[in-house]
Amino acid sequence: MFSSLAPPGRGHTTRPIVTGTSVLGLKYAGGVMLAADTLASYGGMAKYKDCRRLVSIDDTVLIGAGGEFSDFQAIQQLLEANALESRCMSGLYHDEDNSSNNAKETWNYLRAVMYNRRNKMDPLWNDLVVAGLDERSKPFLGWVDKIGTTFSDNMVATGFGSYLAIPLLREKYRPNLDEGEARALLEDCMRILFYRDCRASNRIQIAKVEEESGEVLISDPYELETSWDAASFVSPVGDLDGDGGW
Amino acid sequence: MFRNQYDTDVTVWSPEGRLLQVEYAMESVKQGSACVGLRSDQYAVLGALKRSVSELSSHQKKLLEIDDHVGVGIAGLTADARSLAKYMRNECLNHKYIYGAPLPPHLLMGDLADKHQRTTQTYVRRPFGVGLLVASIDPRSSKPHLYQTCPSGNLYEYYASAIGARSQSARTYLEKHVDSFPTASRDNLIVHALQALVGSVSGDDDLTKENASIAVVSADEKLTLIEGDELQSYLDQLELKGNDDNEDDDEDEREDDVEAMEES
């Protein structure tokens with residue numbers, strides 16, 4: 001699909017193979033919260049059902065990714081290598097241990113990485129959400145796509161989430177939602193995504209970064225309750241028996 | 001003892017285990033006019049004595065701005081200093097582009113020290129003939145830091161320091177008053193820097209607004225150069241000592257030089 005400037009003998013990204021779908025992010029009264037399901041699809045097949053798409057770097061920054069999972073793993077390894085080097089070299093010429101990048105710096109860094117790959121026509125095929133605290137220890141939520149576009153807002157979503165979840169988040173968002181409300185809102189969006197996104201699953205993870213402690217917490221995966229009682233599921237009108245609509 | 005046989009190349013050790021070329025480069029730093037640096041808990045201040053070649057020429061700029069939160073004072077080969085300043089500015093700018101945040105000074109200094117060291121281990125290059133005093137604010141902690149680089153590649157952090165010709169008297173002054181620096185006000189710190197420089201002025205000359213130069217930086221104040229007329233109010237607060245204090249310091253300076261040559 002893309003012609004490549006990659007060195008001879010090297011391949012380049014043509015299309016994603018193993019993919020994750022939406023990632024949602026929301027700022028609330030105590031920090032930021034992310035949600036994503038644990039499915040990595042192989043085209044139309046739900047192949048890897050316990051795949052972790054929300055990770056923390058250096059226990060300070062949360063990253064969530066949709067798109068090609070191997071590219072996300074490469075990004076994780078890159079960020080972890082940088083964090084390790086930082087940790088090892090810290091204290092060499094100064095006393096304070098403030099070696100790690102905050103979420104906003106990580107977001108900027110990923111922008112530079114993604115844009116650089118885009119310029120070589122060999123993108124890392126991901127949409128990324130970066131969450132944590134900024135340089136003033138205020139909650140931060142940022143978004144980076146495969147061509148290096150970025151923005152930062154109180155709510156973000158990737159993939160199908162940007163079509164289905166963002167309108168719902170915008171409807172329900174208030175500054176200073178409490179943790180329970182934020183989580184319920186994200187779960188509701190994830191449930192709707194499971195109903196309507198063919199590449200989604202109902203097994204999800206929630207992760208948060210608390211403003212006060214800076215602590216990063218990622219939940220274990222759990223399944224959402226779903227209800228298939230709705231008329232359109234029970235008696236779909238898509239057949240010619242009905243009106244042909246869906 | 002073996003200075004003449006082993007001093008042509010930087011990659012040749014002397015039998016005493018010294019790199020004589022590196023030591024000669026450090027000599028060049030001592031020939032430059034004096035530069036002082038000091039810091040409090042909030043501010044970092046640099047002061048410099050600018051030299052002019054003749055009555056008709058301008059005074060050589062000694063304090064260079066690197067970024068909003070980093071400034072350097074130079075002593076030694078000005079051309080080498082400009083090259084290093086250009087490198088530092090570039091590093092700061094690149095970091096800001098990639099990370100959207102100011103470069104933490106300790107990372108800059110680490111790379112700068114490595115850059116210096118590389119020149120001491122390559123056949124085709126020579127060490128940088130300039131010492132730098134780097135005043136900076138760490139954007140992550142908002143604390144000031146003062147660093148000194150050396151042609152050898154060694155990196156030092158200081159509460160206060162002075163380099164260049166007749167800098168021993170400045171160091172002596174700074175040592176005497178160092179306990180008052182952490183809580184000193186911005187203006188007091190500047191006056192201390194100028195007072196330290198007074199002893200480094202040669203012979204009958206005075207420290208004036210033409211030949212003095214100050215830079216100050218803090219978490220709340222971007223790096224600011226104070227030169228010319230603006231300096232007068234600070235200069236007026238100085239006690240302009242006579243030259244009798246300088247004799248002991250010159251002797252200390254010569255002793256120090258001998259010690260330095262014998263050190264590892």
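Labels below follow one simple rule: chain letters A, B, ... track the order of the sequence lines, proteins then strands, and each chain is numbered from 1.
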(message) Please report the interatomic distance OH(Tyr99(B)) to CG(Asn102(A)), rounded to the nearest 0.5 Å.
(response)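 With rounding to 0.5 Å, OH (Tyr99(B)) is 11.5 Å from CG (Asn102(A)).
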
(message) Measuring from atom CD1 of Ile98(B) to atom CD of Glu105(A), what distance do you get when rounded to the nearest 0.5 angstrom?
(response)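 Here the rounded value is 12.0 Å.
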
Does atom [atom1] ([X]) have a neighbourhood of more than 12 heavy atoms from anything else shown, all under 6.0 Å?
X: Phe151(A); atom1: CZ; result: yes
X: Lys172(A); atom1: NZ; result: no
X: Tyr24(B); atom1: OH; result: yes
X: Glu85(A); atom1: CD; result: no
X: Tyr48(A); atom1: OH; result: no
X: Gln121(B); atom1: CD; result: no

(request) Under 4.5 Å, counting heavy-atom pairs only, tell me which of Lys104(A), Glu135(A), Arg111(A) racks up the most with chain B. (result)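 The option with the most such pairs is Arg111(A).
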
(message) Counting only non-hydrogen atoms closer than 4.5 Å, can you tell me which residues of residues 67-86 of chain B sit against chain A?
(response)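 Residues of residues 67-86 of chain B touching chain A at under 4.5 Å: none.
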
(request) Examine whether an atom of Tyr97(B) lies under 4.5 Å from a heavy atom of chain A, and if so say whether it belongs to the side chain, the backbone or both; otherwise answer neither. (result)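 For Tyr97(B), heavy atoms of backbone and side chain both lie under 4.5 Å from chain A.
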
(message) For a 4.5 angstrom cut-off between non-hydrogen side-chain atoms, does Arg140(B) reach Asn101(A)?
(response)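 Arg140(B) vs Asn101(A): side chains touch.
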
